[in-house]
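All chains are named by letter (A, B, ...) in the order of the sequence lines, taking the proteins before the strands, and each is independently numbered beginning at 1.
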Amino acid sequence: MSASFDIAASAKSGETFVLNLGPQHPAAHGVLRVKMTMDGEYVMRSEPVIGYIHRMHEKMGENRSLAKFLPNTGRIDYLSALHYNHAFVGAVERAARIEVPPRAEFIRVITSELNRISSHLVWWGAFLLDLGGFTPLLYAFDDREKILDLLEGVTGSRLTYCYFRFGGVRDDLDEGFVERTRAFIAQMRPRLKMYRQLVTDNIILRKRLENIGPISPELCRRYGATGPVIRGSGVPYDVRKIEPYSVYSQLDFEVPVYPEGDCMGRYRVRMDEIAQSLRIIEQALDKLPDGPTLGKVPRVLKLPVGDVCYAVEAARGRLMVRIVSDGKEAAYRLKLRTPSFSNMSLFEEASRGMLLADALALMGSLDLVIPDIDR
Amino acid sequence: METPVDTSQIVKFAKLDELLSLSRANSLWPLTFGLACCAIEMMAAGGPRFDISRFGAEVFRPSPRQADVMIVAGTINKKMAMAVKTLYDQMLEPKWVIAMGNCAISGGPFVFPGQYAVIEGVDKLFPVDVFIPGCPPRPEALIEGILTLEEKLTGKRRWPVVKPE
Amino acid sequence: MPTTLEQIKEHFSGTGCALSCAPADRAVKGYDLDVSANAGDVVSAAEYLGGIGFALDTITGVDWILQNEMEVVYDYFHPASPLRIVVRTRVPRANPEVPTVSGVFPGANWHERETHDFFGIRFAGHPNLIPLLLPEDADYHPLRKDFNA
């Protein structure tokens with residue numbers, strides 16, 4: 001679709017109307033509002049309106065000392081909160097040159113990958129709920145509860161984790177965590193097989209998703225879309241491989257890439273990522289060294305003057321934290337580059353001319369968490 | 001000869017109010033109004049492990065015209081406040097509001113001097129019946145909140161209290 | 001990988017569109033090249049980087065109230081290489097205006113709206129500079145250092 005799109009002239013019925021989707025709607029993304037100019041059932045133009053859950057995390061970053069900002073990181077994207085913990089503590093550790101002991105790095109990787117699986121499971125259940133199937137949501141939440149039990153034993157919370165600290169993690173793994181995690185991996189793999197037979201190979205799902213919502217790699221690049229969106233379009237961009245951080249370079253895993261660029265490609269990328277995360281967790285458990293879980297951190301932490309950035313691969317894409325510091329205890333400017341913001345910005349161009357149901361399938365396949373967009 | 005029939009076995013009398021409040025309490029239909037993190041705990045409460053449908057509240061209705069209870073789960077923003085108020089006005093009487101989570105009670109962790117976007121508590125917009133603290137509250141806490149609302153409706157607590165061991 | 005860091009550094013040092021161009025210590029800073037440009041040159045910098053395959057990561061505004069300036073920082077990442085380039089520019093605080101890069105990177109449309117929301121920096125040529133995160137009728141810029149709610 002070309003950039004100059006004459007809406008009224010292209011409307012087949014000759015007239016258009018504006019349909020307001022949200023900010024409260026059952027497609028369980030959160031508070032997103034999309035003003036769609038419709039020609040019958042076809043979306044001529046969609047204009048997302050955001051800001052309904054803008055909670056000023058960036059302003060709070062300036063008002064709170066660095067340690068006091070840690071609970072905020074769990075609430076930006078609550079489904080993959082540990083990745084956001086990781087980006088923030090990583091940025092501070094990079095600037096202040098704090099060493100992280102290897103045991104803490106491996107614990108970070110294990111808990112982050114468990115978080116990634118639980119985030120993808122919620123996406124899977126909610127996406128299928130959007131498309132009209134209620135059952136997978138129950139299966140997904142069942143598996144997710146097992147992950148939440150594991151993480152609750154380690155971190156103390158179910159959802160908005162605040163577990164990482166500057167220099168390591170708050171507490172060591174609890175008794176029996178390694179055995180319970182291995183048991184979980186053993187029972188999750190047959191479940192993935194069941195999901196594939198029940199849902200992924202289902203003819204109805206394939207008709208709903210194949211060739212729907214094509215996104216080219218060039219479109220991704222021009223909007224800065226990352227994560228499963230760009231990997232579902234054939235570009236093998238994963239921050240864990242391209243800009244390795246923590247101990248990911250010591251672990252052997254693949255980055256699933258599908259060249260089709262449609263909703264089915266993005267769907268398959270995420271399902272394969274769950275399997276790859278299980279692989280990463282197994283290897284990290286095998287390689288888990290002994291030792292302390294918290295490095296040396298000065299009592300009052302102040303960053304050197306200047307800026308620093310740190311990027312991680314969150315469940316939704318590339319997450320980058322940029323801290324500008326003037327030597328005081330709080331950051332001078334804290335910038336959060338969140339993946340859903342860039343992923344959502346391409347919705348306007350990608351959804352032109354689609355049927356409304358297909359546009360919603362496209363929106364679901366982008367895996368949006370609205371507080372991630374609004375921060 | 002007519003045998004006297006003891007009707008007390010087959011016919012019960014009760015006040016209409018009590019019957020109505022019992023049936024309302026048994027089938028509270030929540031409005032799907034998840035705003036932020038607490039919404040996921042609300043979804044988990046509807047999931048298989050915690051299972052709100054034991055208490056009749058599983059049927060989340062997207063339309064405010066069909067819902068009894070608005071579970072405000074998440075932070076209310078100044079930009080969102082009008083939409084929330086409109087939804088509340090669109091709900092039909094009798095209606096109740098549960099404020100779930102610290103953000104809905106008092107602004108939560110987002111209150112600091114100089115904050116410009118958050119409304120400090122949903123009870124600044126309309127009356128709230130039950131407050132459930134937590135950030136986010138566990139799904140069991142949400143179920144306890146619904147049971148407290150049922151107690152408010154019927155006048156007595158209908159389910160046993162689980163004592164911590 | 002098509003273009004190396006040396007070639008990018010040569011371009012920016014050579015063509016004169018940058019005031020200064022210095023490699024940065026990746027392990028400490030998180031990026032490889034720090035380019036300072038005039039406000040008028042950010043578009044040509046974006047066109048060059050877009051031409052060699054970079055994508056726009058984010059646009060950050062910083063309010064340097066004590067120096068009476070505002071800074072706009074453009075972060076770029078590449079989908080196929082680990083290179084990270086930062087382009088920054090400074091504008092006077094009383095009248096902050098920078099040309100838009102949304103012609104090169106449509107994703108900048110939202111980033112620039114957000115920076116305008118928070119700081120009041122105008123992006124000349126932007127098709128739709130209305131509030132993105134703040135309410136539609138907002139006339140305040142909350143991340144300015146002299147903002148009082």
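With a threshold of 4.5 angstrom between heavy atoms, A:V49 approaches chain C through side-chain atoms but not through N, CA, C or O. When heavy atoms are compared at a cutoff of 4.5 Å, A:Y52 approaches chain C solely by way of its side chain, counted from C-beta outward. Proximity to chain A is limited to the backbone of C:L56, based on heavy atoms less than 4.5 angstrom apart. Looking at C:R113, neither its backbone nor its side chain comes within 4.5 Å of chain A, counting heavy atoms on both sides. With a threshold of 4.5 angstrom between heavy atoms, C:D63 approaches chain A through N, CA, C or O but not through any side-chain atom. Within the 4.5 angstrom heavy-atom criterion, atoms from both the backbone and the side chain of A:R222 approach chain C. Residue C:Y76: no heavy atom, backbone or side chain, is found under 4.5 Å from chain A. For A:R221, the parts lying near chain C are the backbone and the side chain together; criterion is any non-hydrogen pair under 4.5 Å. For C:R26, the parts sitting under 4.5 Å from any heavy atom of chain A are the backbone and the side chain alike.
Side-chain N or O atoms of C:R90 include none that pairs as donor or acceptor with a backbone N or O of C:S36 at under 3.5 Å. Side chain of A:R337 to main chain of C:D57: a donor-acceptor pair is present (N/O by atom type, distance under 3.5 Å, no hydrogens or angles). Of the possible polar contacts, one joining the C:H141 side chain to the C:G120 backbone as a donor-acceptor pair under 3.5 Å is found. Proximity of a side-chain donor or acceptor of A:K241 to a complementary backbone N or O of A:F253 within less than 3.5 Å is detected. The backbone N or O of A:Y237 sits less than 3.5 Å from a side-chain atom of A:R231, completing a donor-acceptor pair.
Note on C:P142, C:P135, C:P106, C:A55: by heavy-atom pairs under 4.5 Å with chain A, the leading option is C:P106. Among C:V62, C:L134, C:V28, C:T58, the residue with the largest count of heavy-atom pairs under 4.5 Å with chain A is C:V28. Residue with the most contacts toward chain A among C:N109, C:D75, C:N128, C:V104: C:D75 (heavy-atom pairs, distance under 4.5 Å). Ranking A:A96, A:P244, A:P304, A:P48 against chain C, the residue ahead of the rest is A:P48, based on heavy-atom pairs under 4.5 Å. Comparing A:E58, A:M344, A:R94 by how many heavy-atom pairs each has under 4.5 Å with chain C, the most go to A:R94. In terms of heavy-atom pairs under 4.5 Å with chain C, the best-connected choice from A:E62, A:E348, A:R322 is A:R322.
Taking a cutoff of 4.0 Å between a charged side-chain nitrogen and a carboxylate oxygen, A:R316 and A:D372 do not qualify as a salt bridge. Salt bridge A:D307/A:K335: absent, no basic N to carboxylate O contact under 4.0 Å. Classification of A:R108 and A:E93 as a salt-bridged pair holds, one side-chain N sitting under 4.0 Å from a carboxylate O.
Of the N and O atoms on the side chains of A:E313 and A:Y248, not one donor lies less than 3.5 Å from an acceptor on the other residue.
Geometric assessment of A:R318 against the ring of C:F77 yields a positive cation-pi assignment under the 6.0 Å and 45° thresholds.
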